[in-house]
Amino acid sequence: MATATPDSGGLIRWTTESDPEGPGSSRITPVLLTGQEPIRITPDWLWSPTSLKGAFGDLNFAKGKPAGRARRKVEDLVRGLRLSADPDTVADESVVYELRLGNDRSRYMQGAYAGFNLGRASEHVHIAGEPGKVLADRPDTVSIVLGGCNGSSRATISTNPEGRRTSFQLGGHGAEGNADEFITSAGFVPWLSFYEENLARLAATFAGNVMFHSPESTRYSVVIDVPWRAYWLYMLSAVQRGQTSARAYKRWREEVTRRSRLGSGRTVDILREVLGDRFDRTEIIDQDELAPLGEILEGMEPGRAPDVQALVDAMRNAGDELWNLLLDPELRSQVKVKGRFLDPEIRTVQELCGTSYVVAVLRRMLTGAVMSVNDYVETTIEQYVQAWTDVLVQHGRLAFRGTSFAVYPFSHFVPLEEGGVMYRRDPGRVVTVNDRDGISGFDHGWWLDPVELLPGSYLR
């Protein structure tokens, strides 16, 4: 049961551990971020009250430039959106470092997340792009693109002819991967998973809080980009190979449609909760960039399934100028991401789905400045956006009225396992509290639904 929350004098973040066989041993552990010494949250995450420089354990932070750059971008965001007259009151000295293991098993710093304190929210954020440039003119109109996802390792279910769960996880490998057994049925549990709830809360709370503290004169449009037809395509390979039935695929489409609306609705509810009266003055846009494929995908069945080229051709024939540019072989050959130029043609479902997420951001740039808010595992989307922006601007093919940057708030709940991501390590909706030191205010060993912790964690 819950007891009075102690005056911890610091921030509480949680580590999660998932029992793959069920909820019995899944647990969450509070980590108190306070004091003058760095604290290892998990093997992948390190909190420090100030920027680190030089050697620290098996890590080398050199001159501490990533942390300084992260803080500078926070200050630029505060100035650009006019969140405070004094950016120092929002950006604090603390840093969360993302750590990773190299191929030689040595550990290195992947990125720095700067402290961001605004109103009732205390966050650490990593920003890709340059908000100082995007918001240099202090725009009165800003678009916010909120990322989303459907299901999780626990919430997405497919079954075989024996009525058992298949080993193939729809969505676990993005839009790629082949089922090794026949899929009799596929769908989701009726309720949103903890992963989905946490992602919606993380993104919508940050966006709503920023909007709430902006001047009344600033107009916001919010694009909720929860995948819809992209997830229909997750069964394309199974349909092509005869590894599922028309009935199972139809049910999958219905389940995805319902799930996408459920996730979008949850995000809207959180925005309404955070924004209060300002919500009614906010434009909400719920669109699917792959909508032109709807008729083709609805008619798909075993023995009559399109290949990727047919899907690409359908998008070209839809008459959308932006899509036609991103499918142009000549332009694609000039776009360089992560040291490699794109193939002239889209050849995989994964590439097609990924392009749709990029188009969602670029489309809003036609109207003005764009801020994306998403989970840190989706940083690749903004990398593609930036690369495409450079090429399209250079060739003068579109009249962008703004450019973009992306904000990745550090999740208040992170898997304890090294290299773990929440989609695959979802702890479930019943967990036990591992809190022998009484940090959280919950009795050690008590069980609860971790979703109950989200509102008070992201807005105190």
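The first residue in the sequence is number 1, and the count goes up from there. The basis for the numbers below is simple: all heavy atoms, side chains too, and nothing from hydrogens, waters or symmetry mates.
Between the side chains of Ser372 and Tyr408, not a single donor N or O lies within less than 3.5 Å of an accepting N or O. For the residue pair Ser245 and Lys250, no side-chain donor N or O sits within less than 3.5 Å of a side-chain acceptor on the partner. Side-chain atoms of Arg219 and Thr141 form a donor-acceptor pair, as typed in the model, at a separation below 3.5 Å. A donor-acceptor contact closer than 3.5 angstrom links the side chains of Ser158 and Thr166. Checking Arg429 against Ser26 by side-chain atom types alone, no donor-acceptor pair falls below 3.5 Å.
Classified by interplanar angle (parallel below 30°, tilted 30° to 60°, perpendicular above 60°), the ring pair His412/Tyr458 is parallel. In this pair, Phe413 and Phe194 present their aromatic rings perpendicular. The plane angle is above 60°, beyond the 30 to 60° band.
Between Arg425 and Glu418 no salt bridge is recorded (no basic side-chain N to carboxylate O distance below 4.0 Å). Taking the charged nitrogens against the carboxylate oxygens, Glu289 and Arg363 do have a contact shorter than 4.0 Å, which makes a salt bridge. Ion pair Asp140/Arg82 flagged as a salt bridge, since at least one NZ, NE, NH1 or NH2 atom sits closer than 4.0 Å to an Asp/Glu carboxylate oxygen. Between Arg72 and Asp76 a salt bridge is recorded (basic side-chain N to carboxylate O distance below 4.0 Å). Residues Arg229 and Glu298 are not paired through a salt bridge, judged by the lack of any N-O separation under 4.0 Å between the basic side chain and the carboxylate. We find that Glu75 and Lys73 are not joined by a salt bridge, their nearest charged nitrogen and carboxylate oxygen being 4.0 Å or further apart. We find that Glu196 and Arg259 are joined by a salt bridge, their nearest charged nitrogen and carboxylate oxygen being less than 4.0 Å apart.
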message: If you apply the rule side chain to side chain donor-acceptor pair (under 3.5 Å), what do you find for Trp228 with Thr257, and how did you get there?
response: CA-CA 6 Å; Trp228 181 3; Thr257 299; 2.8 Å; yes

What verdict does the ring-ring contact (aromatic ring centres under 6.0 Å, His included) test give for Trp45 and Tyr376, after you've listed the backbone C-alpha separation in whole Å, the side-chain angles of each residue and the deciding distance to 0.1 Å? CA-CA 12 Å; Trp45 301 99; Tyr376 78 99; 5.2 Å; yes

Trace of the side chain to side chain contact (heavy atoms under 4.5 Å, CB included) decision for Leu59 with Tyr97 = CA-CA 11 Å; Leu59 296 162; Tyr97 292 99; over 6 Å; no

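Shown here for Met235 and Ala186, the closest heavy-atom pair between the two residues is SD-CB, 4.3 Å.
The side-chain heavy atoms of Arg401 and Thr367, taken from C-beta on, include no pair separated by under 4.5 Å.
Cation-pi contact between Arg247 and Tyr249: absent, since separation from the ring centre below 6.0 Å together with deviation from the ring axis within 45° is not met.
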